[in-house]
Amino acid sequence: MKEQLIELAQNRRSIYALGRNVAQSQDDIADLIKKAVKVAPTAFNNQTTRAVILFNDKHEQLWDIVADRLKSEVPNEEAYQRTLQKLNGFKSAFGTILFFTDMDVVHQFENDAPLYADNFADWAEQGQGHATFAVWTALAENSIGANLQHYNPLIDDQVAKAFNIPSSWKLRAQMDFGSIEAAAGDKEFMDDADRFKVLK
């Protein structure tokens with residue numbers, strides 16, 4: 001059996017020590033991300049996933065937005081300083097991808113295919129998973145580390161205003177990426193017997 005895809009997927013890890021020592025250009029990285037999102041499957045080929053790719057000041061602005069928003073959520077200044085330390089790690093990366101679902105498309109398919117209407121929101125989430133996995137793996141293949149964060153919905157309004165996001169786009173995740181400054185640790189897996197059934 002060929003296992004090239006499995007080998008590539010094994011390189012896709014959550015890398016938190018990210019930097020800006022990236023060999024590829026911003027345009028090349030953006031092109032790679034676009035291609036990965038486009039080839040990721042979606043139910044009914046409805047292509048519900050949207051992505052906003054942030055570099056330079058826009059990338060830093062995103063993490064400043066998160067920091068400002070979380071200030072009112074943490075219990076005290078000590079906790080906030082720990083939060084800032086974590087966020088500054090994301091801010092030190094080379095860029096960030098904002099992943100959205102276009103809810104107008106979801107609702108259109110709910111109307112057009114009422115027999116499956118209850119499923120389209122779930123299927124859009126599956127599309128998000130496919131897209132993030134495709135992008136993450138493509139970045140890893142090019143020795144670019146990444147991790148996936150979920151500060152939505154806390155930051156939804158601020159992000160929409162800051163980056164002129166259409167009102168139908170629902171923020172689902174934030175992926176910061178950059179040079180790998182420290183490798184991920186070992187990954188543990190649950191027992192196969194608890195995860196799989198093979199019936200013959």
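Everything quoted here is computed from the prediction, not taken from an experiment.
Taking all atoms of both residues into account, the shortest heavy-atom contact from Ala9 to Thr137 is N-CG2, 4.2 Å. Met175 and Ala146 get closest at one heavy-atom pair: CG-CB, 3.9 Å. A pairwise comparison of heavy atoms in Glu181 and Ser179 identifies OE2-OG, 2.5 Å as the closest pair. Nearest heavy-atom pair, Ile15 versus Ala183, reported as atom, atom and distance to 0.1 Å: CD1-C, 4.4 Å. Val106 and Ala121 make their closest contact through CG1-N, 4.0 Å (heavy atoms, listed as atom of the first residue, atom of the second, distance). For Thr96 against Phe177, the heavy-atom pair with the smallest separation is N-CE2, 3.5 Å.
Ile180 and Leu32 end up in different hydrophobic clusters when Ile, Leu, Val, Met, Phe, Trp and Tyr side chains are linked at under 4.5 Å. Residues Leu18 and Leu87 fall into different hydrophobic clusters, defined by Ile, Leu, Val, Met, Phe, Trp and Tyr side chains chained together at heavy-atom separations under 4.5 Å. Under the 4.5 Å side-chain contact rule for hydrophobic residues, Ile144 and Leu148 share a cluster. Hydrophobic clustering of Ile, Leu, Val, Met, Phe, Trp and Tyr side chains at less than 4.5 Å, counting indirect connections, unites Leu154 with Leu98. One hydrophobic cluster, built from ILVMFWY side chains closer than 4.5 Å, cannot hold both Ile29 and Phe133; they sit in different ones.
With sequence neighbours excluded, the residues that form a side-chain hydrogen bond (donor to acceptor under 3.5 Å, both in side chains) with Glu78 are Arg82. Listed by chain and residue number, Lys35 satisfy the salt bridge (Lys or Arg N to Asp or Glu O under 4.0 Å) test with Asp31 (two or more places apart in sequence, or in another chain).
Separating the CD atom in Gln149 from the OG atom in Ser14 is a distance of 8.0 Å, to the nearest 0.5 Å. Atoms CG and NZ, on Leu62 and Lys58 in that order, are 11.0 Å from each other to the nearest 0.5 Å. Lys34 NZ to Lys38 NZ: the interatomic distance, rounded to the nearest 0.5 Å, is 8.5 Å. For the atom pair CG of Asp64 and CG of Asp57, the computed distance is 10.0 Å after rounding to the nearest 0.5 Å. We find the NE2-CZ distance between His107 and Phe120 to be 12.5 Å, quoted to the nearest 0.5 Å. The distance from the OG atom of Ser143 to the CG atom of Asn11 is 8.5 Å, given to the nearest 0.5 Å.
Between Asn56 and Gln26, the closest side-chain pair of non-hydrogen atoms falls below 4.5 Å. Taking 4.5 Å as the limit, some side-chain heavy atom of Ile6 sits within range of a side-chain heavy atom of Gln10. Two residues are said to be in side-chain contact when any heavy atoms from C-beta on lie closer than 4.5 Å; Phe44 and Asp112 fail this criterion. Residues Lys91 and Asp176 are not in side-chain contact: their nearest non-hydrogen atoms beyond the backbone lie 4.5 Å or more apart. A 4.5 Å side-chain heavy-atom check between Phe90 and Asn147 finds at least one atom pair inside the cut-off. The side-chain heavy atoms of Ser92 and Trp63, taken from C-beta on, include no pair separated by under 4.5 Å. When side chains are defined from C-beta on, Thr101 counts as touching Gln128, because their heavy atoms get closer than 4.5 Å. Residues Tyr151 and Leu70 meet the side-chain proximity criterion, which asks for heavy atoms closer than 4.5 Å.
Judged by distance alone, the side chains of Asn46 and Gln108 never bring a donor and an acceptor atom under 3.5 Å apart. With 3.5 Å as the limit, one finds a donor-acceptor pair spanning the side chains of Gln81 and Glu77. A side-chain donor-acceptor contact under 3.5 Å links Gln174 and Asn152. In this structure, a donor-acceptor pair under 3.5 Å is absent between the side chains of Asp68 and Gln158.
Ring pair Phe100/Trp169 is tilted by interplanar angle, where 30° to 60° counts as tilted. The aromatic rings of Phe55 and Phe94 sit perpendicular to each other, their planes meeting at more than 60°, with 30° as the lower class boundary.
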task = Kindly indicate, with the supporting measurements, whether the criterion salt bridge (charged side-chain N to carboxylate O under 4.0 Å, His left out) is fulfilled by Asp156 and Lys170.
result = CA-CA 8 Å; Asp156 288 14; Lys170 183 178 181 181; over 6 Å; no

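Under the 6.0 Å cut-off for aromatic ring centres, Trp123 and Phe109 do not qualify, their centroids lying 6.0 Å or more apart.
When atom types are taken as modelled, the side chain of His130 and the backbone of Pro41 share a donor-acceptor pair closer than 3.5 angstrom. Within the 3.5 Å criterion, the main-chain N or O of Ser72 finds no donor-acceptor partner in the side chain of Tyr80. A donor-acceptor pair under 3.5 Å is formed between the side chain of Thr132 and the backbone N or O of Gly129.
Counting heavy atoms of neighbouring residues, nucleotides and ligands inside a 6.0 Å radius, atom CG of Asn111 exceeds 12 of them.
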